[in-house]
Each structure stands twice: as C-alpha cells, then as structure tokens.
Amino acid sequence: MIEARHLRVLRAVASTGSFSAAGRELGCTQPAVSQQMKALEASVGTPLLVRTGREMRLTQAGEALVRHAAGIIAGLTAAEEEVAAIAGLRAGRVRLVSFPSGSSTLVPTALAALRAAHPGTRVSLEEAEPPKSVELLREGDCDVALAFRYEGAAGAEEWDDLVVRPLLTDRLVALVPEGHRLARTEGAVAIGELARESWIAGCPRCRGQLVEVCEGAGFTPRIDFATDDYPAVVGLVGAGLGVAVLPQLAVESVRPRGARTVALEPAVRREIVALTLPDLAQVPAVTATLEELARAGARQPAAR
C-alpha cells in the first residue's frame, strides 16, 4: 500500500535531488528520508531512484509515481480540509424527519438556532409519522428522526438499537366546542364524561391511543370523522361537529378558533424524542442538531 507520507518524501527528493536536501525541506533527518524511500520502493516492488554521483535520479517508475503524486496529495489535502470543516461545523448536512406537530413547533426553533450558530450546516426536512420515520432512520434515509410513544404503551424496546434524546413530555387534552357544557370547566374532566359525544380522531397512532384510553374508561368512542390533519380536527370541533383528544403540542401548532381545551383525567402523556443511529451520534452536525432540538423542547409550554 502506498502511503501519502512516502509520496511527499518522494516529491521532495525529486525536487531537491538528494536525501539530505529533502530532509531539510521536510524537517527530518537524512536517514529518515532514506528509510521512507526504502519502504516506498518495497511497497511498489521496484526501484524508484538511482544514484548518479552525488545526485539522485528518478527511474521510469519513479517519474510515473511523482507525476501521479501531485494529484493524489492535492486530493488528500482537499479531503482533509473538507473533513476538518465538517468536524468544525463549518460545513455538514443533516437529513431530518419529523411528525407534523413537531415540524411546526420544535423544528423551526431548533433549526433557526442551529443556522445562527453554524451557518455552514445544512438541514433538510421531510415529514413522516412514527413508525415510518423510525424506519427511514434505520434504512439510512435520514440522520435524525423525531418520534413519540405513549406512556405505558407496549413496545418500549422498539428503540433499543438507537440513540434516544428525550425532548419533552407532551400531555393529551380534550378539545370541545366553545359552547360545549364542559368548555368552561375548572380543573380536569374525566374522559368518561365525553362517552356519548361524537368524536373526531387524529393520526392513526393517536387514534389507537384514543380508543385504548376510552375503552379503559368503560366505553368505545363513536368516531364520526378521522383525519391526519390537525387544523382539520380543530376546525371540525370548532364547528360543533364533535370533540377530540389531541396532544398539547398539536394544539399549539394551530389556532383553535371556536374550540377550547380541557384537561383530562386520567392524565395521558406521550414522550417526544429525537432518534439517531449510534454511529451518526458521533457526527458533529448531528450532535448539534440534537442539542438544539432538546433546547427547543425545553422551551415548549407543553413541557412545563
């Protein structure tokens, strides 16, 4: 294997004409230059230099290697500079996947802070709900995935192979029309008090959690409308077409016109996290992104 340090010595010998002069140029001794040249010749399996009197002359193989050495060393130097820039956060790329309510609340704050601190780091954003977002991470299609899971839900081990950065704990709240009998309630409302209502359900994972919570309270919700679009859920509630249970973070991402939030009991919470692969967690740009997401999570009202 040809080593870059040996190529640098060969170029110095070729340009100066002797081991001693090459040593002075490189800041090392003449024996060290001689040793490295012997190692290079052993690597390529042929002589590269011949001594003519007091000077060194390149063989045909030596001339060919010197000719290529300039491009090789230049390429390595460019690679070293690029890697140093990435390591120093002067450059870098992060592919982020987030669920919609995270995209509209956590992500803008985090990315604005990241850009201000490290303007050379570029972040792309794609939306996907878990578990799809987690699949994208494992398949190498993103570097960081925002995801959530409900407290007490089965499958807590599903992230055991990933680096998990907790961001905040998000509470679920009831959303009722302004004119609803419970709209001005002080304190929490038992979810069983909404048993006879028409329901508007959100994303599939939230929908499953809603049914589970309601069945735990002794009833099955009558779901008249189902949509993954949180503004649509809020609009349907505001129009008096039913009630809903949404994460607080989702409510904060829209303006709930014509609707009011009501605290629920028993309390239902979901853990919001940023996920990455163990190897990616060592990449400076990914680490910086995780840090800013954590700061954004700590500033959310839902986390208080």
Side-chain angles (χ1 to χ4, degrees), residues 1-97 111 113-126 136-144 162-163 276-292:
M1 180 181 293
I2 299 175
E3 296 186 30
R5 61 193 178 98
H6 293 158
L7 291 179
R8 290 188 173 96
V9 171
L10 175 63
R11 290 189 68 202
V13 172
S15 65
T16 62
S18 71
F19 286 175
S20 57
R24 288 192 296 272
E25 181 176 299
L26 297 170
C28 60
T29 64
Q30 185 270 345
V33 171
S34 178
Q35 279 186 336
Q36 293 198 48
M37 287 308 307
K38 286 179 181 177
L40 179 57
E41 289 179 327
S43 296
V44 298
T46 188
L48 300 173
L49 296 164
V50 292
R51 185 182 293 275
T52 56
R54 295 183 177 181
E55 293 185 350
M56 293 289 179
R57 180 173 59 82
L58 292 170
T59 65
Q60 186 178 358
E63 289 176 350
L65 195 53
V66 167
R67 189 168 63 251
H68 288 288
I72 293 169
I73 293 171
L76 286 172
T77 300
E80 288 169 354
E81 286 295 319
E82 185 172 346
V83 170
I86 293 170
L89 286 173
R90 300 193 305 275
R93 181 195 67 175
V94 178
R95 298 167 298 166
L96 174 64
V97 172
L111 296 194
L114 184 68
R115 176 175 291 183
H118 310 292
T121 299
R122 295 181 294 109
V123 182
S124 62
L125 174 65
E126 182 180 341
L136 290 171
L137 177 63
R138 289 197 174 103
E139 291 168 1
D141 293 324
C142 72
D143 305 307
V144 177
L162 304 174
V163 174
T276 192
L277 298 171
D279 288 344
L280 288 173
Q282 309 304 314
V283 176
V286 171
T287 300
T289 303
L290 295 176
E291 291 292 335
E292 294 301 345

- Note on the structure: Value for CD (Q282) from CG (L277), rounded to nearest 0.5 Å, stands at 11.5 Å
- Note on the structure: What one should report as the nearest heavy-atom pair of V163 and P278 is CG2-CA, 3.6 Å
- CE of M37 to NE2 of H6, rounded to nearest 0.5 Å, is 9.0 Å
- Query: Closest approach of T59 and P47, non-hydrogen atoms and distance?
  - Reply: OG1-O, 2.9 Å
- Derivation of the side-chain contact (heavy atoms from CB on, under 4.5 Å) call for I72 and L7: CA-CA 9 Å; I72 293 169; L7 291 179; 3.9 Å; yes
- side-chain contact (heavy atoms from CB on, under 4.5 Å) partner of L162, the single match among L280, L137, T276: L137
- Item | Closest heavy-atom pair and its distance - T16, A21 | CB-CB, 3.6 Å
- Message: Between P284 and H118, is there a side-chain heavy-atom distance shorter than 4.5 Å?
- Response: no
- Is there a side-chain contact between L58 and L49 (heavy atoms, below 4.5 Å)? yes
- If you measure from CZ on R95 to CG on L136, what distance do you get to the nearest 0.5 Å? 9.5 Å
- Item | Point-to-point distance, once rounded to the nearest 0.5 Å, from CD of Q35 to CD of Q30 | 10.0 Å
- Message: Could you tell me if the side chain of L111 sits less than 4.5 Å from the side chain of E292, heavy atoms only?
- Response: no
- Message: Using a 6.0 Å cut-off, check whether atom CD of Q60 has over 12 heavy atoms from anything other than its own residue.
- Response: no
- Task: Output the distance between atom OG1 (T289) and atom CZ (R93), rounded to the nearest 0.5 Å.
- Result: 12.0 Å
- Query: Do D143 and V283 come within less than 4.5 Å of each other through their side chains, counting heavy atoms only?
  - Reply: no
- Query: So, for C142 and V97, which heavy atoms are closest and what is the spacing to 0.1 Å?
  - Reply: CB-CG2, 3.6 Å
- Are V123 and V144 close enough, and set up right, to give a side-chain contact (heavy atoms from CB on, under 4.5 Å), and what steps lead you there? CA-CA 10 Å; V123 182; V144 177; over 6 Å; no
- Message: Could you report the tightest heavy-atom contact between T46 and A61, atom names first, then the distance?
- Response: CG2-CB, 3.8 Å
- Item | Closest non-hydrogen atom pair between A281 and T287, with its separation | O-OG1, 2.9 Å
- Message: I need the E25 CD to S15 OG distance, nearest 0.5 Å.
- Response: 4.5 Å
- Item | Note, V9 side chain near L40 side chain (heavy atom, < 4.5 Å) | no
